[in-house]
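A short worksheet on the structure shown next.
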Amino acid sequence: METESIVYFHPMQDMYKSNAAKRHWWEGVSLQGRVLGAEEAGGFFVPVDCQVPPFYYKKKPWPQEVLEEALETVLHGAPGMADTFLHPQIMTLVSEERIQRWEPRRETMERLAAGLLAGFAAECLFQSGRVQVLLGRPEDTDWQMEMTRRLLGPYLPRINSLLFYYEEVEGTDIWEEAADELEAYGYEYGLVPGMRPYLTLEKALRCDRERCGGVILDYTDTPRYPRVEREGRTVYADLTSNWEKERGCIGKNGRILYVSPLKYLDTIVKSSYDRKT
């Protein structure tokens, strides 16, 4: 993984109008990146906190070219091989033609996932020994399988149940395509992962009726609605930071701890502010 630092662009915490970027739309506006210590992210990367203020000029939004130039300036000033993670509100401000430019690289997503698992799911992984993986787009299956094996590597001695849910594709044998990755779990620890297709219900893909527990690792773009055990605590690690999934975890009587890269970065930033006060 090449990424050494991650610049997190997010809305300004203090949203008073006096803190807005008030310059006229044709003038340059600079943003300030605040480099935090690697210990803030458990040593997985160097976080760079960059707040983006609202832009007030005749009630117009940020000029896309001005904003993207300001983002680039902060990115180029970050230490090491830097990458970005844009808060969804900030992502809506960049041009549609350039959205892919601001999507985090896969190496960045792996660093974020490794950090949030270590920070929020390690105890659950060791205690329950159970993991369910909700695979996303079929074209990304190879990457998702490889990434999962690397993420679970530190916890494999204690994991005794690993189940992958996948989307069936006509003419594709996922058992054959994922054979090497599945066998890798058994070489050292004797773990035999399971594979189970999503059900098609109401024109949507859903997990089956078996209840999940321990840690749920979710790569999907839309909710798959896994049923969660009523006993114990389940950690739901949503790698796509989807608000619908977060909403679905609310109101479960504290049985589900929802975590995501977005919430993880928010926690890092908030913690650094709390230590300053």
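Because only heavy atoms are used, hydrogens play no part in the values below, and waters and symmetry mates are left out as well, while side chains stay in.
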*asked:* Whether the side chain of Gln144 engages the backbone of Gly136 through a donor-acceptor N/O pair (distance < 3.5 Å, no angle test) should be reported.
replied: yes
*Before accepting this row, confirm whether a basic side-chain N of the pair Arg227/Glu210 lies closer than 4.0 Å to the acidic partner's carboxylate O.*
no
*Check ion pair Lys245-Asp218 (N to O, under 4.0 angstrom)*: yes
*Does the pair Asp238 and Ser260 meet the rule for a side-chain hydrogen bond (donor to acceptor under 3.5 Å, both in side chains), with working shown?*
CA-CA 5 Å; Asp238 172 23; Ser260 70; 5.6 Å; no
*Is Lys263 salt-bridged to Asp266, going by a charged N under 4.0 Å from an acidic O?*
no
_Would you compute the distance between atom CG of Leu265 and atom CZ of Phe9 and round it to the nearest 0.5 angstrom?_
12.0 Å
*Pair Arg211 + Glu231: basic N to acidic O under 4.0 Å*: no
_Glu110 and Arg105 ion-paired at < 4.0 Å_ = no
_I'd like to know whether CZ of Arg196 has more than 12 heavy-atom contacts from other residues, nucleotides or ligands below 6.0 angstrom._
yes
*Could you tell me whether Arg130 and Glu229 make a salt bridge, using a distance below 4.0 angstrom between a side-chain N and a carboxylate O?*
yes
*With distance as the sole test, does Thr172 use its side chain to make a donor-acceptor pair with the main-chain N or O of Glu168 at under 3.5 Å?*
no
*Can you tell me if Tyr264 uses its side chain to pair, donor with acceptor, with the backbone of Ala41 under 3.5 Å?*
yes
*Under the side-chain hydrogen bond (donor to acceptor under 3.5 Å, both in side chains) criterion, do Asn160 and Tyr189 qualify, and how do the steps go?*
CA-CA 9 Å; Asn160 51 47; Tyr189 300 104; over 6 Å; no
*Verify same cluster id: Ile250, Tyr225 (apolar side-chain graph, 4.5 Å)*: no
*asked:* Could you tell me if the side chain of Arg106 sits less than 4.5 Å from the side chain of Trp143, heavy atoms only?
replied: yes
_Distance, nearest 0.5 Å, that separates NZ of Lys270 from CG of Asp49_ = 13.5 Å
*asked:* What I'd like to find out is whether the side chain of His87 reaches to under 4.5 Å of the side chain of Pro11, using heavy atoms alone.
replied: yes
_Candidate pair Leu217 and Leu134, rule side-chain contact (heavy atoms from CB on, under 4.5 Å), full reasoning_ = CA-CA 6 Å; Leu217 190 60; Leu134 312 186; over 6 Å; no
*asked:* Within the structure provided, determine whether Tyr8 and Pro47 are in side-chain contact (heavy-atom separation under 4.5 Å).
replied: no
_To check you understand the geometry: which heavy-atom pair defines the closest contact between Tyr165 and Pro197, and what is its length?_
CD2-O, 4.4 Å
*Which heavy atom of Leu257 sits nearest a heavy atom of Phe120, and at what distance?*
CD2-O, 4.0 Å
*Over all atoms of both residues, closest heavy-atom pair of Arg150 and Pro154*: O-CD, 3.8 Å
*If you measure from SG on Cys249 to CD1 on Ile216, what distance do you get to the nearest 0.5 Å?*
7.5 Å
*Any side-chain heavy atom of Val46 within less than 4.5 Å of one from Ile6?*
no
*Can you name the closest pair of heavy atoms from Leu31 and Val74 and give their distance?*
O-CG2, 3.5 Å
*Cluster link Val66 to Leu93, ILVMFWY, side chain under 4.5 Å*: yes
*Supply the atom-to-atom distance Arg255 CZ to Arg233 CZ, rounded to the nearest 0.5 angstrom.*
11.0 Å
_Met145-Val192 co-clustered via ILVMFWY side chain contacts under 4.5 Å_ = no
*Hey, is the main chain of Val94 close enough, under 3.5 Å, to the side chain of Glu68 for a donor-acceptor pair?*
no
*So do Leu191 and Ile159 actually touch side chain to side chain, heavy atoms under 4.5 Å?*
yes
*How far does OG1 of Thr148 sit from CG of Leu162, to the nearest 0.5 angstrom?*
8.0 Å
*asked:* With clusters defined by side-chain heavy atoms of hydrophobic residues (ILVMFWY) lying less than 4.5 Å apart, directly or transitively, does Phe164 cluster with Leu156?
replied: yes
*Just how far is it from atom CG of Leu117 to atom CZ of Phe44, taken to the nearest 0.5 Å?*
8.5 Å
*Should the heavy atoms of other residues, nucleotides or ligands under 6.0 Å from CD of Glu96 be counted, would the total exceed 12?*
no
*For the pair Ser5 (side chain) and Pro79 (backbone), establish whether a donor and an acceptor sit closer than 3.5 Å, ignoring hydrogens and angles.*
yes
*asked:* Determine whether Phe85 and Leu112 satisfy the following criterion, side-chain contact (heavy atoms from CB on, under 4.5 Å), listing intermediate values before the conclusion.
replied: CA-CA 10 Å; Phe85 189 100; Leu112 286 168; 3.6 Å; yes
*Would Leu86 and Thr84 satisfy side-chain contact (heavy atoms from CB on, under 4.5 Å), going step by step from the backbone distance to the final call?*
CA-CA 6 Å; Leu86 272 62; Thr84 64; 3.8 Å; yes
*May I ask you to check whether Tyr155 and Phe126 place their ring centres under 6.0 Å from each other?*
yes
_For the student: nearest non-hydrogen atoms of Met109 and Pro104, plus distance_ = SD-CG, 3.6 Å
*Ser241 and Leu262: which non-hydrogen atoms are nearest, and at how many Å?*
OG-N, 3.2 Å
*salt bridge (Lys or Arg N to Asp or Glu O under 4.0 Å) evaluation trace for Glu72 with Arg101*: CA-CA 10 Å; Glu72 291 281 5; Arg101 163 68 182 90; 3.0 Å; yes
*Sub-4.5 Å side-chain heavy-atom contact between Phe45 and Ile268*: yes
*Joint cluster assignment, Met91 & Trp62, ILVMFWY side-chain distance < 4.5 Å*: yes
*Is a donor on one side and an acceptor on the other found under 3.5 Å between the side chain of Ser128 and the backbone of Cys124?*
yes
*Let me see the working for Leu205 and Leu199 under side-chain contact (heavy atoms from CB on, under 4.5 Å), right down to the final yes or no.*
CA-CA 6 Å; Leu205 297 177; Leu199 302 178; over 6 Å; no
*asked:* Checking the side chain of Tyr198 only, and the main-chain atoms of Leu135 only, is there a donor and an acceptor separated by less than 3.5 Å?
replied: yes
_Is it true that, when you exclude Glu244 itself, more than 12 heavy atoms of the residues, nucleotides or ligands shown sit nearer than 6.0 Å to its CD?_
yes
*asked:* Can you tell me which residue among Asp221, Thr220, Thr222 is in a side chain to side chain donor-acceptor pair (under 3.5 Å) with Arg224?
replied: Thr222
